[in-house]
Amino acid sequence: MSQRMRLDGVGRRYGMRGPWVLRDVQLDVPVGALLRIEGANGSGKSTLLRLLAGIDRPTAGRITGCPRTAYVPERFPAALPFTAAGYLTHLGRIHGLRTPEASRCAAEWLERFGAAGHAHTPLAELSKGTSQKVAVAQALLAEPELLVLDEAWTGLDRAARGILDRVVAERVADGGTVVFVDHDPRRLAGAADSVYRVAEGLLLPRDGGTEERQAAPVGPRVVIEAEGPPGGVPGSAAHLPGAPDIDPGPGGTTRLTVPAAHSDALLRALLTARPPWHIRAVTAAAPPPGTAHEPPDDTSGAAHQATLPTALQDTPYEAPLS
Amino acid sequence: MTALLRYQAALLIRSHRWLPPVIVYAAFLAIGVQTGGPILDAYGFAAAGLLPVAVWLTRVCVTNEPPAARNCAAAAATPGRVHLACVLTAAGAALVLALLGAAFVALLSDPHANDHQVAVPVLPATGAGLLTGLSCLLPGVATGALCNWPVLRRPGWGVPAGLAAAVLLLVLGGSPANAALKGMITGSEHGTITAPWLPFAAAFLAAAGATAAACALSSRRG
């Protein structure tokens, strides 16, 4: 992103005399941040996301510094006369990729979300969940600078939801910005840099981001015990994916604690650092006393998975819904 | 923009929604263009049919994508460019029809005036015929752009409004389509060819203005 995106006094209403859906929104969108937007149904969250994605223009105020953007809608019932791979190749080209690159990325993303078997299925015949995977893949094809997710997890199976969590963390670790709305309060819990709430057309900061997150961590966390080169932690903790808590570990190691969604990205950063780090152990962090961690799914089988480090999960691809 | 045009063109071709307007236009030509008829008259007839067909094709193209898919493309390429690609695809499809129609007329018609005495050279007549076709096609595209989302958003109004506008544009004096058609019909009576440059220029400006307005509105209307 060449310059930071900024919303200045932004308001939006539909029609000349319609009520203001959003009023006087001031928002700085930092590069490489993960932003969560909360709010009740019909509060204007989706309108805010459409403004950020450039799909709508504000009625009042202005938005500057619009980056390369991709958007995932909540429902993607696309009755389009293409196969999944064909549609993604077209969208890849629209996102600025060349044709061979677009079809290669399309195949890769479908495979990652466990929908490779549906690459040549017409979009109209896909199940709701697989359509949603296509919508998600579409947005990830060209590594957008700004990724806008409007309840993108809705309809995905558990494995795909976990993958999307990790993909979001990867995007942020690679310097992209992600803004998301999800009604599950445990979605990427503790991983967001800032949380905002839309209420009565106003955008309000909900809590103080990093400091508050460290004071009251929520969601599964992962401890990585790593052995670095003499001199310690590379850069400052804030520059590592997920801004880990860093403590000295046993035997001269360093313990880095991050929200589970960021663990893969952090491991990659440590292993590819110059000089690289040695990873001693990856374990699930013990939940702090008093905070019962609900699994991100209502099935009892997921209870253990939720607290396992994502890095250690053997990416449980489920059969795609069909 | 090339990627968007390719996407919209593939969408139009694979959706098969181009089929009804093309069949109607083919039937229109089959009924109206007679073997051995005067060539300028036939070009005028073929051009007149293009106007409502262009309105129809534009409606097909700008309503071809479900909102969710349109939003995905709009985030990547801005809503204005997405809408521009829709309108240009419709104009391109109508242009293909115009060329096919002109070829059909050139093959079947008699290169003479109405009295079958005064000879009319085929090449200049075809040039004037194509220009007349464009003078009808472009107002049709403009009408299609203005009578559908995002300009006219009430569902159910697009078709009657587009149809009424098409008839008015053909009938009312002062419209570029009407001026170009009149030139062809009077030319056919005397065997004189007048290339309708002025109506074409007016039609082009009208279409450009209408398309620009529709594209500008596409990010303001949710």
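Keep in mind the model is a prediction, meaning the values are calculated, not measured. Quick note on labels: first sequence line is chain A, next is B, and so on, each numbered from 1.
- The two residues Pro58(A) and Leu51(A) have their closest heavy-atom pair at N-CD2, 3.5 Å.
- For Leu91(A), the part sitting under 4.5 Å from any heavy atom of chain B is the side chain, from C-beta outward, and nothing else.
- Considering Asp150(A), Leu49(A), Leu147(A), Thr69(A) as possible partners of Val179(A), the one that fulfils the side chain to side chain contact (heavy atoms under 4.5 Å, CB included) test is Leu49(A).
- Listed by first then second residue, pairs satisfying side-chain hydrogen bond (donor to acceptor under 3.5 Å, both in side chains) with a partner in residues 132-147 of chain B number zero, not counting sequence neighbours.
- Interface residues of residues 202-213 of chain B toward chain A, defined by a heavy-atom distance below 4.5 Å: none.
- Proximity of the aromatic rings of Tyr87(A) and Phe76(A) is defined here by a centroid distance below 6.0 angstrom, and this criterion is met.
- Note on residues 31-47 of chain A: pairs passing salt bridge (Lys or Arg N to Asp or Glu O under 4.0 Å), not counting sequence neighbours, are Arg36(A)-Glu38(A), Glu38(A)-Arg197(A), Glu38(A)-Arg206(A).
- Among Ala85(B), Ala73(B), Cys72(B), the residue making the largest number of heavy-atom pairs under 4.5 Å with chain A is Cys72(B).
- Interface remark: Thr59(A) contributes no atoms to any contact with chain B (heavy atom separation under 4.5 Å).
- For Arg62(A), there are no side chain to side chain donor-acceptor pair (under 3.5 Å) partners two or more places apart in sequence or in a different chain.
- Between Phe28(B) and Phe45(B), the angle of the ring planes stays under 30°, which puts this pair in the parallel group of the 30/60° scheme.
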